[in-house]
There are 2 protein chains.
Amino acid sequence: MPRSALTTEEIEAFRERITDAATHLFAEQGFEALTMRAIAIEIGCSPMTAYRYFDGKDDIFTSVRARAFARFADNQEAIARAKHADARSKLAALGRAYIDFALAEPDSYRVMFELTQPGVSADGELAEQGLRAWTPLYEAVRACVAEGELAGDPLVHAHLCWAKVHGLVTLHLSGKLQMGAGIGELYDCVIADLLQSVRPVAAPA
Amino acid sequence: MPRSALTTEEIEAFRERITDAATHLFAEQGFEALTMRAIAIEIGCSPMTAYRYFDGKDDIFTSVRARAFARFADNQEAIARAKHADARSKLAALGRAYIDFALAEPDSYRVMFELTQPGVSADGELAEQGLRAWTPLYEAVRACVAEGELAGDPLVHAHLCWAKVHGLVTLHLSGKLQMGAGIGELYDCVIADLLQSVRPVAAPA
DNA sequence: AGTTTTTGATTGACAACGTAAAATATACGA
DNA sequence: TCGTATATTTTACGTTGTCAATCAAAAACT
């Protein structure tokens with residue numbers, strides 16, 4: 001019949017090459033340099049070749065985001081696997097790692113959270129890696145509940161912890177913070193605040 | 001000599017018309033619909049006319065962002081002017097108003113914080129309105145310090161408060177929160193956490 | 001072996017984008 | 001009325017994402 005159809009592995013390999021090129025271009029020269037033709041040059045093929053492996057540019061970008069989430073999830077999972085004195089210090093370590101990752105790779109963090117346009121499907125690889133990235137923090141908070149360090153709903157408190165680090169990182173990366181130096185102190189405080197909020201507190205008004 | 005040059009007021013009026021049209025287009029059909037030619041149609045003139053009043057599309061977009069910040073600043077200042085029982089309840093009210101604004105006008109909030117590309121100048125109308133929007137929160141925290149509700153650096157704590165509400169709102173608007181309902185509870189908790197963090201606490205580890 | 005058929009990759013083209021340059025319209029001082 | 005400085009439009013160029021048509025290659029059947 002036909003020329004031997006591409007294996008699933010071959011397809012996945014090519015998808016990975018394209019995602020690699022796109023990730024590289026984005027990290028190197030920013031979003032507006034992420035072009036179909038630029039990707040094609042990087043790959044060494046025609047601009048239309050990518051269309052056989054992706055639905056279009058948005059799909060490629062979604063793949064880039066999923067990869068960024070995957071690397072972030074790897075990072076968080078590694079911290080979660082490491083030994084910690086107790087649940088609270090584990091949570092603090094996860095928060096530190098979260099911030100460190102975002103500041104070490106601001107482009108990755110931006111592509112994960114900032115350039116999110118509505119209309120992307122909630123399922124697929126992106127959702128899966130996003131869940132992976134979120135799980136360590138959630139489990140750490142649940143552990144704090146199990147050890148009696150936390151009174152309320154773990155889901156609520158985990159979201160609160162996430163919002164604190166995410167908010168500070170986002171404001172920092174977009175240049176909104178008014179304090180030039182002393183940012184380190186600010187991050188210390190947000191970590192301390194993470195731990196403080198998981199102590200039993202009076203019910204909110 | 002020449003045909004009478006445009007007055008400063010006329011120029012400002014035209015700039016406002018363009019900003020109006022751009023704001024409207026963005027809120028109505030999203031970012032990708034914000035086009036030079038679409039603005040021109042909305043205004044009723046040629047696509048190149050806007051270039052006499054703005055440096056280009058980025059400049060127009062910056063003006064849209066400045067306007068969004070201005071409306072947000074108006075909102076915050078109104079809350080700050082109102083009467084409150086004490087400094088802590090004033091801070092809580094500002095936090096509530098922050099969240100309410102962001103959820104009521106997600107497009108405005110997004111244009112303020114999400115689509116921020118590096119390279120925009122830090123001065124001008126945008127920076128001015130951004131400062132206006134930030135000041136009420138900062139002053140409220142400073143008042144908490146003055147009333148002995150807060151031990152540390154007001155600048156640090158104000159940034160922390162900002163990060164908390166901004167982080168939660170941003171995660172919510174980008175669809176990252178895992179809790180379908182119960183979001184109201186989450187926002188209640190972040191407000192409570194705002195107040196809790198301005199109580200004297202032990203020095204961070 | 002030669003032809004057909006199926007699949008992958010390329011080329012060409014199109015509409016839309018931002019915007020530089022050239023051309024045109026407009027209104028006042030002479 | 002005419003000249004000139006200013007406001008606006010027209011034209012055009014390079015780039016973008018992507019559809020349609022074309023090309024290339026390789027396995028299967030005659």
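Just so it is clear, the structure is predicted and the values come from calculations on it, not from any experiment. The chains referred to below are lettered A, B, ... by the order of the sequence lines, with proteins before strands, and numbering in each begins at 1.
When rounded to the nearest whole Å, the span between CG of B:D58 and P of C:dG18 equals 10 Å. In this structure, the CZ atom of A:F54 is 13 Å from the P atom of C:dA9, given to the nearest Å. Note: CD1 (A:I60) to C1' (D:dG17) measures 11 Å, nearest angstrom. D:dC19 atom C1' lies 13 Å from atom CZ of A:R37, rounded to whole Å. Atom C1' of nucleotide C:dT19 and atom CZ of B:F61 are separated by 19 Å, given to the nearest angstrom. For the pair A:M36 CE and C:dT10 P, the interatomic distance rounds to 15 Å; values are reported in whole Å. Protein atom CZ of A:R52 is 19 Å distant from nucleotide atom P of D:dG17, rounded to whole Å. Rounding to whole angstrom units, CG of residue A:D59 and P of D:dT18 are separated by 10 Å.
Between the axis at the start and the axis at the end of the helix from C:dA1-D:dT30 to C:dA30-D:dT1 there is an angle of 40°, using five pairs per end and rounding to 10 degrees.
Between A:Y98 and A:Y109, the gap from one ring centroid to the other is short of 6.0 Å.
When each of C:dT10, D:dT10, C:dA13 is scored by its nearest atom to the side-chain atoms of A:C45, the top-ranked nucleotide is C:dT10. Of the listed nucleotides (D:dT16, D:dT18, D:dT10), D:dT18 has the atom at the smallest distance from the side chain of A:Y51. Considering only side-chain atoms of B:Y53, the nucleotide from D:dT18, D:dT8, D:dT11 that sits closest is D:dT8. Of the candidates C:dG18, D:dT10, C:dA13, C:dG18 carries the atom nearest the B:K57 side chain, counting heavy atoms from C-beta on. Set against C:dG18, C:dA20, C:dT10, the side chain of B:M48 has C:dA20 as its closest nucleotide. Checking C:dT10, C:dT19, D:dT8 against the side-chain heavy atoms of B:T49 singles out D:dT8 as nearest. Relative to the side chain of A:T35, the nucleotides D:dT16, C:dT11, D:dT9 differ in distance, and D:dT16 lies closest.
A side-chain donor-acceptor contact under 3.5 Å links A:S89 and A:D86.
Classified by interplanar angle (parallel below 30°, tilted 30° to 60°, perpendicular above 60°), the ring pair A:F26/A:F61 is perpendicular.
Applying side chain to side chain contact (heavy atoms under 4.5 Å, CB included) to B:R96 and the options B:I79, B:D188, B:L91 leaves one that passes, B:D188.
Between B:A21 and B:E42, the shortest heavy-atom contact is CB-CG, 3.6 Å.
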> A:H172 and A:L103: side chain to side chain contact (heavy atoms under 4.5 Å, CB included), yes or no, with the steps?
Replying inline: CA-CA 9 Å; A:H172 184 190; A:L103 298 189; 3.7 Å; yes

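For A:R15, the CZ atom counts as densely surrounded, since its 6.0 Å shell holds more than 12 non-hydrogen atoms of other residues, nucleotides or ligands.
B:L34 comes within 4.0 angstrom of sugar-phosphate atoms only, judged by non-hydrogen atoms across all strands, and of no base.
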